[in-house]
Amino acid sequence: MNTTAPVALVTGGNRGIGHETARQLAGLGHTVLLSARRPEDAERAVAGMAPAVPGTLVPCRLDVTDADNVRALARRVEGEFGRLDVLVNNAAINYDTARRAVSVDLGEVRHTLETNLFGAWQTTQAFLPLLRRSPHPRVVNVSSESGSLESMSGGTPAYGISKAALNALTRKLADELRAEGILVNAVCPGWIATDMGGPGGDPVDQGAAGVVWAATLPDSGPTGGFFRKGEPLPW
Ligand code: NAP
């Protein structure tokens, strides 16, 4: 294994945009911890792409809602790599287009926030000591224009509010970590044809490209921003 290669962790790496982000980062030579809720899904994803990429792919189990699991993975990464260079908080659930804020079950909203907001939050907190040991630390919160307050309309309440909150978290973290050189940005991948996005969206490589852009920013790059395809989006 190349011990000088950047080490990246992608949550929800077994399918969709997370899977393609892991593939692209490994294609750039990163050592990618491809994580999935079920270890067999991570193993399968790595087995499917490892022969075709120059970087190293390491399968690992990570359910971002499971605090013990998050801490255990951070200990493993500390033991094996001693640092983390890139954290991609990609895992998310519940694009609830059939729901309305006036009537949605708040239990469903809380459940969505556990993954889409608190999952990313506790993963970032747990890996922060390892990011602080990186010479070029980057955090990418995979968000959505559904979370933009400027264009926010009714419907999709749990998802939209979870992404608005993730955007707010991005701003908080970016500001608190700016002096340490840790770049934290939110990225909307665009409408992408995945299980979540459904048919009709752009191909998954295009969605992942904007995530990889934010994961590989130079030290002079932005922090505390919201981007799609490398271009700023309104909050
Ligand atoms: P997807 O195909 O539904 O994949 C979601 C991934 O998240 C899966 O790997 C899933 O794992 C994982 N996941 C869910 N809950 C998890 C948990 N508790 N712990 C760890 N992993 C978990 O979705 P996608 O379209 O690739 O979306 C990826 C990101 O892009 C999300 O943040 C999404 O909100 C954002 N986004 C997508 C679109 C779009 O059009 N597709 C647009 C805007 C933003 P399992 O296989 O175990 O369920």
Side-chain angles (χ1 to χ4, degrees), residues 9-24 32-46 48-49 59-74 87-97 108 110-124 126-127 139-148 151-152 156-167 169-170 185-215 226-229 233:
L9 169 62
V10 180
T11 68
N14 54 301
R15 59 190 172 96
I17 294 162
H19 182 266
E20 176 61 15
T21 297
R23 196 189 68 78
Q24 290 187 17
V32 180
L33 299 147
L34 186 156
S35 70
R37 282 196 272 204
R38 288 171 294 275
E40 61 272 26
D41 289 348
E43 300 275 357
R44 193 179 311 115
V46 166
M49 69 171 90
C60 47
R61 184 176 92 78
L62 181 62
D63 181 334
V64 299
T65 66
D66 179 343
D68 290 341
N69 184 192
V70 173
R71 282 193 292 266
L73 183 61
L87 171 61
V88 179
N89 287 310
N90 165 79
I93 58 169
N94 198 21
Y95 187 50
D96 56 338
T97 52
E108 182 180 328
R110 286 192 186 95
H111 178 68
T112 304
L113 290 172
E114 281 299 332
T115 299
N116 297 9
L117 174 65
F118 295 115
W121 201 335
Q122 72 177 353
T123 303
T124 306
F127 281 90
V139 177
V140 185
N141 291 330
V142 183
S143 185
S144 167
E145 199 174 10
S146 304
S148 170
S151 58
M152 194 166 283
T156 324
Y159 184 81
I161 288 170
S162 76
K163 294 300 190 180
L166 183 66
N167 285 356
L169 175 65
T170 302
N185 290 290
V187 168
C188 171
W191 178 28
I192 305 299
T194 60
D195 294 337
M196 181 184 284
D202 287 333
V204 73
D205 61 318
Q206 291 184 23
V211 178
V212 169
W213 171 83
F226 184 27
F227 299 95
R228 183 165 57 216
K229 295 183 177 172
L233 280 177

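One-based numbering, in listed order, for ligands and for the atoms of each.
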(message) Nearest 0.5 Å, please: how far is SG in Cys188 from NZ in Lys229?
(response) 10.0 Å
(message) Could you measure the distance from the CD atom of Glu20 to the CZ atom of Arg15? Nearest 0.5 Å is fine.
(response) 15.0 Å
(message) Only heavy atoms of Trp191, strictly under 4.0 Å: list the atoms of ligand 1 that pass.
(response) 40 (O)
(request) List the closest protein heavy-atom neighbour of atom 9 (O) of ligand 1: residue, atom name, distance to the nearest 0.1 Å. (result) Asn14 OD1, 2.7 Å
(request) Of the side chain and backbone of Lys163, name the one, both, or neither that has a heavy atom under 4.0 Å from an atom of ligand 1. (result) side chain
(message) Name the residue from Thr124, Thr170, Asn185 that meets the side chain to side chain donor-acceptor pair (under 3.5 Å) definition with Asn141.
(response) Thr170
(request) Would you please determine whether Gly119 falls within less than 4.0 Å of ligand 1 on a heavy-atom basis? (result) no
(message) Closer than 3.5 angstrom, by distance alone: can the side chain of Thr65 be matched with the main-chain N or O of Glu114 as a donor-acceptor pair?
(response) no
(message) Is the contact between Ile93 and ligand 1 made by the side chain, the backbone, both, or neither, using heavy atoms and a 4.0 Å cut-off?
(response) side chain
(message) As an exercise, identify every atom of ligand 1 less than 4.0 angstrom from a heavy atom of Thr65.
(response) 18 (N)
(message) I want to know if ligand 1 touches Ile17 in the polar sense, i.e. an N/O pair below 3.5 angstrom.
(response) yes
(request) Could you tell me the residue and atom name of the protein heavy atom closest to atom 30 (O) of ligand 1, and the distance to it rounded to 0.1 Å? (result) Val142 CG1, 3.3 Å
(request) Heavy-atom contacts with Gly16 under 4.0 Å: which atoms of ligand 1 show up? List them by number with element. (result) 2 (O), 26 (O)
(request) Spell out, as yes or no, whether a donor-acceptor pair under 3.5 Å connects the side chain of Asn69 to the backbone of Arg61. (result) yes
(message) Going by side-chain contact (heavy atoms from CB on, under 4.5 Å), Val142 matches just one of Val10, Thr21, Asn90, Asn89. Which one?
(response) Asn90
(request) For ligand 1, indicate whether the residue Thr115 contacts it via side chain, backbone, both or neither (heavy-atom separation under 4.0 Å). (result) side chain
(request) Heavy-atom distances under 4.0 Å are what count here, so tell me which part of Arg38 touches ligand 1: side chain, backbone, both or neither. (result) side chain
(message) Is there a side-chain contact between Met196 and Ile17 in this structure, where contact means two heavy atoms from C-beta onward sitting under 4.5 Å apart?
(response) no
(message) For Leu62, which part has a heavy atom under 4.0 Å from ligand 1: side chain, backbone, both, or neither?
(response) backbone
(request) Give, for atom CG of Asn94 and atom OG1 of Thr115, the distance between the pair rounded to the nearest 0.5 Å. (result) 9.0 Å
(request) Please confirm whether the backbone N or O of Ile192 pairs with a side-chain atom of Gln206, one donor and one acceptor, at under 3.5 Å? (result) no
(request) Have a look at ligand 1 and work out which part of Ser143, if any, has a heavy atom under 4.0 Å from it: side chain, backbone, both or neither. (result) backbone
(message) Considering Gly197, Ala193, Gly190, Cys188 one by one, which has a heavy atom nearer to atom 42 (C) of ligand 1 than any of the others?
(response) Gly190
(request) Report yes if some N/O of Val64 lies less than 3.5 Å from some N/O of ligand 1; otherwise report no. (result) yes
(message) Just verifying a value: how many Å separate Arg23 CZ and Leu34 CG, rounded to the nearest 0.5 Å?
(response) 12.0 Å
(request) Looking only at protein heavy atoms, identify the closest one to atom 2 (O) of ligand 1 and say how far it is in Å. (result) Arg15 NH1, 3.4 Å
(message) Using a 3.5 Å cut-off on N or O atoms only, is Asp41 in polar contact with ligand 1?
(response) no
(message) Counting non-hydrogen protein atoms only, what is the nearest one to atom 22 (C) of ligand 1? Give residue, atom name and distance.
(response) Ala91 CB, 3.4 Å
(request) Would you check if Asp96 and Glu108 make a side-chain contact, meaning some heavy-atom pair closer than 4.5 Å? (result) yes
(message) Quick check: closest heavy atoms across Gln122 and Ala67, and the distance to 0.1 Å?
(response) OE1-CB, 3.4 Å
(request) Using distance alone, decide if ligand 1 has a nitrogen or oxygen within less than 3.5 Å of any nitrogen or oxygen in Ser144. (result) no
(request) Do me a favour and list the nearest non-hydrogen protein atom to atom 23 (O) of ligand 1 with residue, atom name and distance? (result) Met196 CB, 3.4 Å
(message) If I apply the N/O under 3.5 Å rule, does Ile192 come out as touching ligand 1?
(response) yes
(request) Give the residue, atom name and distance (to 0.1 Å) of the protein heavy atom nearest atom 32 (O) of ligand 1. (result) Asn90 O, 2.7 Å
(message) For atom 47 (O) of ligand 1, what is the closest protein heavy atom, and at what distance to 0.1 Å?
(response) Arg37 NE, 2.9 Å
(request) Of all the heavy-atom pairs spanning Ser162 and Asn116, show the shortest one and how long it is. (result) OG-ND2, 3.1 Å
(message) If you compare all heavy atoms of Ala42 against all heavy atoms of Cys60, which two are closest, and at what distance to 0.1 Å?
(response) CB-O, 3.6 Å
(message) For Asn167 versus Ser148, what's the shortest heavy-atom pair and its separation?
(response) ND2-N, 4.5 Å
(request) Just need the protein heavy atom nearest to atom 12 (C) of ligand 1, so name the residue and atom and give the distance. (result) Gly12 CA, 3.7 Å
(message) Can you confirm, on distance only, whether ligand 1 has an N/O atom lying under 3.5 Å from any N/O atom belonging to Tyr159?
(response) yes
(request) Using distance alone, determine whether Asp63 and ligand 1 share an N or O pair under 3.5 Å. (result) yes
(request) State the atoms of ligand 1, each with its element, that fall below the 4.0 Å cut-off from a heavy-atom position in Asp195. (result) 2 (O)
(request) Indicate yes or no: at least one non-hydrogen side-chain atom of Tyr95 is less than 4.5 angstrom from one of Ser144. (result) no
